[in-house]
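Single-structure report; data block below.
When reading the values below, keep in mind they use all heavy atoms of this one structure, side chains included, and skip hydrogens, waters and symmetry mates. This is a predicted model, so every value here is computed, not measured.
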Amino acid sequence: MPVELAEKPGETLPVYLIGKNGLEAADLSPQQLVWANANGFSGEAGRTLVLPGTDGSIAGALFGIGNGGNPLGFGALAKALPEGGWRFASDLAEPHLALQGLVLGSYVFTRYGRKPGKALRFAVPAGVDAASVRRVTDGVFLTRDLVNTPTNDMGPDELEKAVRALAKTHKASVSVIKGDALLARNFPMIHAVGRASPQAPRLIDLTWGAKNAPKVTLVGKGVCFDTGGLDIKPASGMLLMKKDMGGAANVLGLASMIMAAKLKVRLRVLIPAVENAIAGDAFRPGDVLPSRKGITVEIGNTDAEGRLVLADALALADEDEPQLLIDMATLTGAARVALGPDVPPFYTGDDALAAELAAAATAAEDPMWRMPLWDAYDAKLSSRIADINNVTSDGHAGSIVAALFLRRFVEKTSAWAHFDIFAWNPSERPHCPVGGEAQCIRALERVIAARFG
């Protein structure tokens with residue numbers, strides 16, 4: 001269970017923060033110093049040592065902060081401390097992020113029988129907005145839960161239910177265009193990608209906030225499972241494909257933060273929810289698909305389906321001319337090759353927005369890296385029979401070319417950014433276990449709050 005943040009915590013035990021080789025400078029008793037030295041504790045980052053009392057009880061704990069490092073490392077405390085009430089006995093360099101890391105580190109996915117974590121209660125340090133910490137961590141937990149849920153329980157139907165549940169919590173509105181109605185309403189690529197699944201494809205549209213407020217639109221790739229289509233993935237390539245709706249999960253986590261904070265925006269969330277399945281009516285390599293924007297798209301590979309559903313959704317979003325348009329997608333393996341799983345690339349032609357995002361990423365310890373919308377690579381999308389192909393002609397610069405593909409569907413909105421995320425944490429870290437992960441949305445929440453809050 002998440003760490004409880006208590007403004008009036010009652011009885012608590014101290015957590016002493018110890019820098020590298022900083023034991024002697026800490027406010028510890030001689031007996032506690034002996035205990036720490038006997039256990040080889042020297043303040044190395046992330047290590048916790050429980051201090052015994054004279055009567056066999058627990059008297060507190062030491063937590064190593066090394067040379068400072070990432071404040072999200074306080075998540076290690078959520079796993080190491082015994083149950084009960086605790087407080088920081090030392091000043092924190094970044095108390096807000098430290099508390100955020102602490103709560104994020106307590107996450108456990110319990111839907112399929114795993115036991116919840118420890119019942120920990122932490123006193124909120126002076127000057128920290130506990131409500132803000134809760135809003136952000138609740139959004140991250142929502143994202144993790146959605147990504148971690150396998151497709152048998154998180155197909156397009158269930159993803160729609162999750163959106164409706166979030167909308168009910170915040171009194172938002174939801175409309176859905178589903179099945180063949182997508183063709184009647186001019187979303188042909190969403191329909192084509194999802195029509196082979198037993199669960200009908202759909203476009204989920206959530207709106208919230210005053211109609212006259214600045215418009216912020218979030219678009220998330222909701223491919224609930226990706227076989228690759230007729231260009232089928234190998235078995236190893238399908239193992240994590242439950243996370244191919246990670247873009248949708250992340251924009252829903254971000255939407256949760258925005259609505260909980262009651263930011264003064266007109267929020268819209270668009271999720272094309274599909275399963276890229278294989279059946280007799282699956283779309284094929286070589287097909288030419290119309291799009292909402294009127295651009296015809298030759299299918300060079302059915303495993304590049306995410307950009308197709310995003311394109312129709314982005315075209316709709318762009319028609320509304322929002323002040324800020326963000327799309328998020330687990331789009332390319334090329335992004336992982338370039339930057340690995342922890343640093344998602346983002347693309348935008350708006351230098352001011354890029355600077356805001358970079359600054360927020362540093363402040364929130366939520367990494368991202370700007371990549372170029374390199375115009376010369378646009379020719380890689382050429383087709384001999386259609387306006388464009390959905391894949392590059394030579395296999396190079398896959399993430400950049402995918403971003404250039406999406407850019408063709410955004411004309412009216414200058415403040416647009418595309419995030420090519422992984423949505424998965426492949427190794428245990430203090431603030432996040434292995435599994436579904438929120439990426440960039442803690443930084444995005446800061447940017448949106450600063451612009452419109």
Side-chain angles (χ1 to χ4, degrees), residues 2 111 131-132 134-149 151 153-179 181-182 185 187 190 194 199-224 245-275 309-310 312-314 316-317 319-320 322-329 423 436 438 440-442 444-445 448-449 452-453:
R111 177 164 181 167
S132 172
R134 291 189 192 99
R135 285 195 300 268
V136 170
T137 53
D138 284 350
V140 171
F141 286 2
L142 172 61
T143 295
R144 290 175 178 177
D145 281 349
L146 291 171
V147 177
N148 283 329
T149 304
T151 308
D153 288 324
M154 191 51 65
D157 289 345
E158 292 81 9
L159 184 54
E160 178 186 331
K161 289 176 184 176
V163 177
R164 292 188 182 278
L166 181 64
K168 184 176 180 181
T169 298
H170 297 284
K171 297 182 172 57
S173 300
V174 177
S175 62
V176 176
I177 304 169
K178 181 178 176 181
L182 289 164
R185 298 283 295 275
F187 298 99
I190 298 174
Q199 290 195 20
R202 67 207 68 193
L203 178 63
I204 306 167
D205 189 345
L206 177 149
T207 54
W208 173 89
K211 291 184 179 180
N212 60 349
K215 297 174 184 176
V216 173
T217 300
L218 312 176
V219 180
K221 174 185 169 184
V223 178
C224 295
M245 40 65 71
N250 270 270
V251 298
L252 287 173
L254 177 55
S256 170
M257 298 175 194
I258 292 169
M259 293 187 289
K262 295 182 169 51
L263 298 184
K264 296 175 182 177
V265 298
R266 177 64 170 175
L267 177 66
R268 189 180 197 184
V269 180
L270 294 170
I271 296 174
V274 301
E275 179 185 3
V309 299
L310 280 174
D312 271 355
L314 280 170
L316 174 64
E319 291 164 16
D320 200 35
Q323 277 71 45
L324 179 62
L325 174 57
I326 300 293
D327 80 75
M328 306 190 82
C440 305
I441 62 173
R442 292 185 295 106
L444 277 164
E445 185 266 347
I448 293 168
F452 308 109

Exercise. Keeping the roles fixed (side chain from Glu158, backbone from Gly155), state whether a donor-acceptor pair exists under 3.5 Å.
Key: yes

Exercise. Spell out, as yes or no, whether a donor-acceptor pair under 3.5 Å connects the side chain of Trp208 to the backbone of His170.
Key: yes

Quiz item: Considering residues, nucleotides and ligands other than Arg134, do more than 12 of their heavy atoms fall under 6.0 Å from its CZ?
Solution: yes

Self-check item: From OG1 (Thr169) to CZ (Arg164), nearest 0.5 Å
Solution: 14.0 Å

Practice problem: Find out whether Cys440 and Asn250 are in side-chain contact, i.e. whether some heavy atom of one side chain is under 4.5 Å from a heavy atom of the other. | Solution: no

Self-check item: Heavy-atom closest contact (Ala213 atom, Lys264 atom, distance)
Solution: CB-O, 3.8 Å

Quiz item: Closest heavy-atom contact between Ile441 and Gly139?
Solution: CD1-O, 4.5 Å

Self-check item: Rounded distance [0.5 Å steps], CD1 in Ile204 versus CD1 in Ile177
Solution: 11.0 Å

Practice problem: Apply the test side chain to side chain contact (heavy atoms under 4.5 Å, CB included) to residues Val216 and Gln323: give CA-CA distance (whole Å), side-chain angles for both, the deciding distance (0.1 Å), then the verdict. | Solution: CA-CA 6 Å; Val216 173; Gln323 277 71 45; 5.9 Å; no

Quiz item: side chain to side chain contact (heavy atoms under 4.5 Å, CB included) between Leu252 and Leu159: does it pass, once the steps are laid out?
Solution: CA-CA 10 Å; Leu252 287 173; Leu159 184 54; 4.2 Å; yes

Quiz item: Going through the distances and angles, do Asp327 and Lys221 end up as a salt bridge (charged side-chain N to carboxylate O under 4.0 Å, His left out)?
Solution: CA-CA 8 Å; Asp327 80 75; Lys221 174 185 169 184; over 6 Å; no

Self-check item: Leu316 vs Leu203, side chain to side chain contact (heavy atoms under 4.5 Å, CB included): CA-CA, chis, key distance, verdict
Solution: CA-CA 10 Å; Leu316 174 64; Leu203 178 63; 3.7 Å; yes

Quiz item: Which atoms form the tightest heavy-atom contact between Pro201 and Val274, and what is the distance?
Solution: CB-CG1, 3.6 Å

Quiz item: Which atoms form the tightest heavy-atom contact between Ile190 and Asp312, and what is the distance?
Solution: N-OD2, 3.3 Å

Quiz item: Is a side-chain donor or acceptor of Thr149 paired with a backbone partner of Asp145 at a separation under 3.5 angstrom?
Solution: yes

Quiz item: Given side chains that start at C-beta, do those of Met257 and Leu263 come closer than 4.5 Å, heavy atoms only?
Solution: no

Quiz item: Going by heavy atoms in the side chains, are Thr207 and Lys215 under 4.5 Å from each other?
Solution: no

Quiz item: Atom CG of Leu206 and atom CE of Met259: how far apart are they, to the nearest 0.5 Å?
Solution: 5.5 Å

Practice problem: Before giving the answer on side chain to side chain contact (heavy atoms under 4.5 Å, CB included), spell out for Val251 and Ile326 the whole-Å C-alpha distance, their side-chain angles and the decisive distance to 0.1 Å. | Solution: CA-CA 9 Å; Val251 298; Ile326 300 293; 5.6 Å; no

Quiz prompt | Closest heavy-atom pair and its distance - Met154, Met245 | solution = CG-CE, 4.3 Å

Practice problem: First locate atom CG of Leu270, then atom CG of Leu325, and finally report the distance between them rounded to the nearest 0.5 Å. | Solution: 8.5 Å

Self-check item: Approximate separation, where rounding is to 0.5 Å, of Leu444 CG and Met328 CE
Solution: 5.5 Å

Practice problem: Identify the heavy atoms of Gly246 and Ala423 that sit nearest to each other, and give their distance. | Solution: CA-CB, 3.8 Å

